[in-house]
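Below is one structure, written out as structure tokens, with a few remarks after it.
Just so it is clear, the values below take in all heavy atoms, side chains as well, and ignore hydrogens, waters and symmetry mates. For reference, positions follow the sequence shown, starting with 1.
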Amino acid sequence: MSELQISLNGGSLTVASGPIASLLDEKDRSVVAARVNGETRDLSYELKDGDVVEFVALDSAEGLSILRHSLAHITAQAVQELYPQTKLGIGPPITNGYYYDFLTLAPFTPDDLKNIEKKMTEIIKTGQRFVRRVVSEADALSELESEPFKLELIQDKTSASEDVMETGGAELSIYDNLHLRTGEKMWGDLCRGPHIPDTRYIPHQSFKLMRSAAAYWRGNEKNAQLQRIYGTAWPSKQDLQDYLNFLIEAERRDHRKLGVELDLFSFPDEIGSGLAVFHPKGGVMRRTMEDYSRTRHEASDYEFVYTPHITKAQLFEISGHLDFYKDGMFPAMHMDPELDSDGNIRKPGQDYYLKPMNCPFHNLIFRSRSRSYRELPLRLFEFGSVYRYEKSGVIHGLTRVRGMTQDDAHIYCTQEQMAGELKNLLSFVLNLLRDYGLNDFYLELSSRNDEKYVGTDEEWDKATQALKLAAEESGLDLVPDPGGAAFYGPKISVQVKDALGRTWQMSTIQLDFQMPQRFELEYTASDGSRQRPIMIHRALFGSVERFFGILVEHYGGAFPAWLSPVQVIGIPIGESHNEYLAAIIAQLRERGIRAEVDASDERMQKKIRNAQTQKVPFMLIAGDEDISNAAVSFRYRNGEQKNGVAIESAITEIVNAVEQRL
């Protein structure tokens with residue numbers, strides 16, 4: 001047996017020739033694969049002299065993806081054993097799990113999923129190895145002749161799925177599931193891998209089938225409709241249980257559900273998909289959010305502007321949106337043709353579009369008169385309504401809508417001001433997000449998409465470096481997002497984690513050298529020359545609707561007092577106490593507090609439950625003893641209660657909590 005010199009996990013090592021698995025203890029199930037010379041391989045891969053090897057642990061992101069992909073195969077095997085006429089689609093790992101698509105005689109039922117999961121457990125207990133086998137195209141076509149979707153993948157050799165190698169000389173491979181003891185082939189699938197070595201690597205009770213849904217082959221509605229089974233898998237039973245608990249909590253916090261329960265907003269069918277209406281309570285909260293933002297912007301020298309909802313096509317031709325963003329815009333409205341007396345068109349009309357962006361309008365405001373360097377930086381701000389044609393399948397409550405209001409700012413500055421403006425702008429964004437109770441951030445730097453951009457390499461490099469420097473100076477983690485920029489410039493996006501640890505893209509800051517050129521924006525410099533300003537695009541909330549939905553889920557509807565639609569409920573023990581509480585509530589209202597008395601015929605305990613269900617921060621309860629002592633019982637949303645609190649003390653505590661945004 002020859003010896004090999006390899007690099008293992010960063011260190012040099014002399015080993016005997018053999019598979020990667022020979023480097024591990026036979027009972028070690030913590031490593032499921034290895035990266036060899038940068039490419040992820042099965043543990044059965046035969047080592048070669050000079051290989052650079054790095055183990056892939058089960059509990060790593062890549063290891064978990066391999067585990068999930070292996071369970072996708074086991075799911076498909078179980079389905080075909082139970083329903084032999086089923087045809088196979090694809091089965092990639094995805095965030096938090098995996099899926100597999102099937103062509104079936106009938107949709108899967110919940111009982112079917114239970115039976116499939118039971119069969120999967122049997123397969124895992126029996127024990128199987130995942131063995132890769134390279135095949136020719138002819139052999140693959142022959143071996144999988146009963147699988148029409150696999151034949152299609154083989155014939156074109158291109159797919160966005162995880163199950164097929166890309167073109168460019170890539171080899172085809174089939175993974176056989178072999179009985180662990182007898183070596184008998186139990187099942188097989190076209191796949192590039194890698195996979196776990198065998199089913200013993202699947203932790204006990206660490207997977208679950210979640211649901212089934214309809215899906216089109218390769219995501220195209222013109223193709224066959226398949227049935228998709230979603231599963232989840234984790235490094236341990238406890239990890240699975242934690243995830244299931246997370247889903248329960250996420251469902252409890254779902255802003256669509258809470259929006260109804262708290263009477264905040266709705267999506268009437270009569271208006272259309274992705275178009276929300278805010279009810280009075282939601283309107284109060286939204287106005288509070290916006291008013292605070294306006295106050296902060298005013299203090300930071302932003303100037304408020306307003307622009308219309310529609311425009312002639314020419315504006316978006318100049319900006320480039322009709323070239324690069326038309327698929328995300330609503331169709332044109334053709335208007336204003338001129339007709340002669342016989343009704344014939346004498347002069348054709350023009351196309352108008354609902355605006356998907358506010359920036360072209362702000363450019364026209366800048367260009368409306370001559371500008372001096374003394375006016376820069378010029379910071380224009382607008383709560384501007386925009387409309388984007390989102391596909392129906394991606395619309396989701398308030399977080400993905402077709403009609404939205406962006407808290408949009410565009411800053412025009414000189415080259416010399418750019419670095420300082422970016423630094424101050426990022427600080428402003430982060431501090432304002434913190435005021436709304438979001439504190440866990442990291443940054444993402446989106447660079448140029450080489451397939452979709454305008455401008456020179458030099459301009460893009462300069463803009464990208466300026467953003468990178470501002471991001472690094474913030475002290476936050478910076479993650480690259482290659483190719484994620486808009487067509488006119490790179491961007492920093494603030495990624496925020498909510499109370500459940502989920503990440504949301506929030507504020508964006510985009511540096512733009514292109515729009516000022518397209519709109520021929522100029523200012524007079526100190527030496528009298530005409531110069532082109534730098535333009536910075538900035539949306540802090542992203543959209544008011546989306547930010548609203550995120551806050552609902554972050555707080556689970558239990559908003560801090562300053563944001564709560566109703567901040568105080570007065571609860572009389574009996575009808576005779578209504579007037580006493582009404583006078584206290586009137587004092588609170590004079591101090592700017594949103595307060596009301598529950599004067600309904602319900603019993604006191606029911607009124608308290610109603611207030612807690614509506615997640616009102618403070619309840620003031622009063623009876624005979626409170627009246628005689630000029631006091632109230634002060635009850636909090638979490639059920640804590642202080643009795644005999646002086647009226648002025650109660651009012652002061654509430655006002656301080658609201659004013660200090662506690």
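- In this structure, the side chain of S266 does not engage the main chain of P268 through any donor-acceptor pair within 3.5 Å.
- Applying side chain to side chain contact (heavy atoms under 4.5 Å, CB included) to R434 and the options L438, L432, L430 leaves one that passes, L430.
- No donor-acceptor contact under 3.5 angstrom links the side chains of H334 and Q350, judged on distance only.
- Relative to the ring axis of F361, K355 places its NZ or CZ within 45° and under 6.0 Å from the centre.
- Taking the six-membered ring where the residue is Trp, F541 and Y436 present perpendicular rings, their angle passing 60° and hence far from 30°.
- Looking only at atom types and distance, the side chain of Q531 has no donor-acceptor partner in the side chain of T414 under 3.5 Å away.
- A distance-only check finds a donor-acceptor pair linking the side chain of Q417 to the backbone of L376 [under 3.5 Å].
- Y292 and R661 are linked by a side-chain donor-acceptor pair at a separation below 3.5 angstrom, with hydrogens and angles left out of the test.
- If you check the side chains of S293 and E290, you find no donor sitting under 3.5 Å from an acceptor.
- The environment of E221 atom CD is sparse: at most 12 non-hydrogen atoms of other residues, nucleotides or ligands sit within 6.0 angstrom.
- Using a 4.0 Å cut-off between charged side-chain N and carboxylate O, K347 and D336 make no salt bridge.
- Taken to the nearest 0.5 Å, the NZ atom of K491 stands 13.0 Å off from the OG1 atom of T464.
- Cation-pi geometry between R371 and F366 is met: the NZ or CZ atom falls under 6.0 Å from the ring centre, inside 45° of the normal.
- Atom CG of N449 sits in a crowded spot, with more than 12 heavy atoms from other residues, nucleotides or ligands closer than 6.0 Å.
- Salt bridge R400/E390: present, at least one basic N to carboxylate O contact under 4.0 Å.
- Within 6.0 Å of NZ on K615 lie more than 12 heavy atoms contributed by other residues, nucleotides or ligands.
- The ring of F428 has its center closer than 6.0 angstrom to the ring center of H297.
- For the pair R286 and F278, the distance from NZ or CZ to the six-membered ring centre is under 6.0 Å and the angle to the ring normal is within 45 degrees.
- Between E298 and R379, no side-chain nitrogen of the basic residue sits less than 4.0 Å from a carboxylate oxygen of the acidic one, so the salt-bridge criterion is not met.
- In this structure, Y523 has its ring center no closer than 6.0 Å to that of Y373.
- A salt bridge links R252 with E249; the closest basic N to acidic carboxylate O contact falls under 4.0 Å.
- Between R502 and E553 there is a salt bridge, since a side-chain N of the basic residue sits under 4.0 Å from a carboxylate O of the acidic one.
- Judged by distance alone, the side chains of W504 and D498 do bring a donor and an acceptor atom under 3.5 Å apart.
- Here the side chain of R518 pairs a donor or acceptor atom with the backbone of I318 at under 3.5 angstrom.
- Listed for the R589 side chain is a donor-acceptor partner under 3.5 Å among the backbone atoms of A595.
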- Show the numbers, then the answer: is there a salt bridge (charged side-chain N to carboxylate O under 4.0 Å, His left out) between R218 and E152? CA-CA 11 Å; R218 287 178 142 177; E152 181 180 329; 2.9 Å; yes

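- Under the 4.5 Å side-chain criterion, counting only non-hydrogen atoms from C-beta, Y353 is not in contact with M333.
- Between E375 and R369, at least one side-chain N (NZ, or NE/NH1/NH2) sits under 4.0 Å from a carboxylate O, which counts as a salt bridge.
- Although no hydrogens or angles enter the test, the distance criterion places a donor-acceptor pair under 3.5 Å between the side chain of R637 and the main chain of F559.
- Residues F316 and D323 are not in side-chain contact: their nearest non-hydrogen atoms beyond the backbone lie 4.5 Å or more apart.
- Ion pair R538/D408 not flagged as a salt bridge, since none of the NZ, NE, NH1 or NH2 atoms sits closer than 4.0 Å to an Asp/Glu carboxylate oxygen.
- Taking the six-membered ring where tryptophan is involved, the planes of H309 and Y387 are tilted, since the angle between them lies from 30° to 60°.
- Within 6.0 Å of atom CG in D291, more than 12 heavy atoms from other residues, nucleotides or ligands are found, so the atom counts as buried in its surroundings.
- Ion pairing of K281 with D263 is absent here, as no side-chain N (NZ or NE/NH1/NH2) approaches a carboxylate O to less than 4.0 Å.
- Checking side-chain atoms of H554 against main-chain N and O of A499 turns up a donor-acceptor pair under 3.5 Å.
- No side-chain heavy atom of H255 sits less than 4.5 Å from a side-chain heavy atom of F548.
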